[in-house]
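To keep things clear, I will list the structure first and then write my remarks on it.
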Amino acid sequence: MVENAASATGPSIATRIGKLDLPAPTLMGSGCYGSGEEYAPFVDLAGIGGIVLKSVTRFPRLGNAPPRLVATPSGLLNAIGLQNPGIDAYLENDVAKFAERPCAVIGSVAGFSVDDYAYVTERLAARDEIDAIELNISCPNVGSEGETFACDPGLAEQATRAARRVTAKTLIVKLSPNVTDIAAIARVVEAAGADALAVVNTVRGMAIDVETAKPRLGNTTGGLSGAAIRPIAVLAVWEVARAVKIPIVGQGGIENARDALEFILAGASAVSIGTGNFTDPRAPQTVADGLRSYLAERRIASLRDVVGKANPGFAGVR
Ligand SMILES: Cc1cc2nc3c(=O)[nH]c(=O)nc-3n(C[C@H](O)[C@H](O)[C@H](O)COP(=O)(O)O)c2cc1C
């Protein structure tokens, strides 16, 4: 570990993701934080890195039939079904208020065709209130029998390229853990022009009610998040960090600074907190404070000095 004298003002936890300079490496996960207004009474939003907004699609979506959330041991199953007002209403009614946020605001784009990704990215990224775009590619492609973009290297590449063509803003592509070789997907997405990778989205899962003998989610299957998936997510970051040079936003079950450090030591330059906010709305502050203490106790000047430190094959740039 690099031993640097921490400056008089304390160690820096600032980081850089693409063109975004963030004062703290803590993003709030898409679909888990709204645009931050419900959390503002509990957390100083100026102290977080940024908010990744709920994914938006070309057309409005009502989402899946309830129940859409089921608690599982150390985890949460969700099958929201990308409920959102569609890009037209979103631009008209929602985006203006994001200008008030004292942190980075990252728009999340979902789609069901390559054209959807290009269309929604172009329109959302054109707005000044949006600092960067995250591409949620964990969606089925209607053009290829519903194959998930994030699970097919060719589709992942096409969606990334399409979004890259229409914006110069920072483009983060969010990978799925539901693949055999996540490093292979990461490589094609990097080559297609992504500035950063979010690793990972939820893990597929389901739960069955033994009394009714029926699946507990209205949609039958869903995505598992929370502490239960952390070891899966840390491994994914570890593997991706050996395969690409672009920065990684690690996520999956982060609740405190030690959890965040696992991801950072594996090779993530930033982390995202999703489900952890549901049990502790102050988690972003706890994580940031804990990271500073960890660095100060070891006299390390900057968080950047520990990125990938546990990963001998780390290929990224600190
Ligand atoms: C209720 C819920 C809704 C979510 N909605 C989205 C979404 O709209 N777009 C997206 O990219 N990820 C979505 N996610 C995934 C999270 O952003 C995050 O990547 C994942 O839950 C893993 O992190 P966590 O364990 O910290 O929650 C959602 C997760 C939850 C729990």
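Just so we're clear, the structure is a prediction, and the values are computed from it rather than from any experiment. When a ligand or atom number is given, it counts from 1 through the structure's own listing order.
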Per-atom contacts of ligand 1 with Gln251, taking only distances under 4.0 Å to non-hydrogen atoms = 18 (C), 19 (O)
Counting from 1 in the order shown, the ligand 1 atoms closer than 4.0 Å to a non-hydrogen atom of Thr275 are 24 (P), 25 (O), 26 (O), 27 (O), 31 (C)
N or O contact, Glu134 vs ligand 1, cut-off under 3.5 Å | no
Over 60° means perpendicular and under 30° means parallel, so classify the ring planes of Tyr33 and Tyr39, tilted if in between.
-> parallel
Please could you name the atoms of ligand 1 that Gly29 approaches to less than 4.0 Å, counting only its heavy atoms?
-> 17 (O)
For atom 15 (C) of ligand 1, what's the nearest protein heavy atom and its distance?
-> Asn201 OD1, 3.5 Å
Within 4.0 Å of some non-hydrogen atom of Asn136, the atoms of ligand 1 are 9 (N), 10 (C), 11 (O)
Considering only heavy atoms, which of Ser225, Gly31, Ser138, Ala198 lies nearest to atom 31 (C) of ligand 1?
-> Ser225
Considering only heavy atoms, does Arg230 approach ligand 1 within less than 4.0 Å through its side chain, its backbone, both, or neither?
-> neither
Between Gly253 and ligand 1, does any nitrogen or oxygen pair lie at a separation below 3.5 Å?
-> yes
Would you check whether Val52 reaches within less than 4.0 Å of ligand 1, judged by its heavy atoms?
-> no
Ligand 1 to Lys174 polar contact by distance, N or O atoms, under 3.5 Å = yes
Partner of Ser35 under side-chain hydrogen bond (donor to acceptor under 3.5 Å, both in side chains), picked from Lys97, Arg101, Glu129, is Arg101
Which one holds for Asn78 and ligand 1: side chain close, backbone close, both close, or neither close, with close meaning a heavy atom under 4.0 Å?
-> side chain
Are Arg298 and Tyr294 in a cation-pi contact, defined as NZ or CZ under 6.0 Å from the six-membered ring centre and within 45° of the axis?
-> yes
Just need the protein heavy atom nearest to atom 20 (C) of ligand 1, so name the residue and atom and give the distance.
-> Thr202 CG2, 3.8 Å
Taking NZ, NE, NH1 and NH2 as the nitrogens, is one of them in Arg123 or Asp88 under 4.0 Å from a carboxylate oxygen of the other?
-> yes
Ignoring angles and geometry beyond distance, decide whether Ser30 reaches within less than 3.5 Å of ligand 1 through its nitrogen or oxygen atoms.
-> yes
Are any of the side-chain heavy atoms of Pro215 and Thr221 separated by less than 4.5 Å?
-> no
Atom 5 (N) of ligand 1: closest protein heavy atom, distance to 0.1 Å, is Lys54 NZ, 3.2 Å
From the candidates Gly252, Ser108, Gly276, Gly274, the one that places a heavy atom nearest atom 22 (C) of ligand 1 | Gly252
Identity and distance of the protein heavy atom lying nearest atom 9 (N) of ligand 1 = Ser55 OG, 2.7 Å
Would you say Phe263 and Arg230 make side-chain contact, with heavy atoms under 4.5 Å?
-> yes
Contact check: Gly226 vs ligand 1, nitrogen or oxygen atoms, below 3.5 angstrom | yes
Atoms of ligand 1 under 4.0 Å from any heavy atom of Cys32, numbered from 1 in the order shown, are 29 (C), 30 (C), 31 (C)
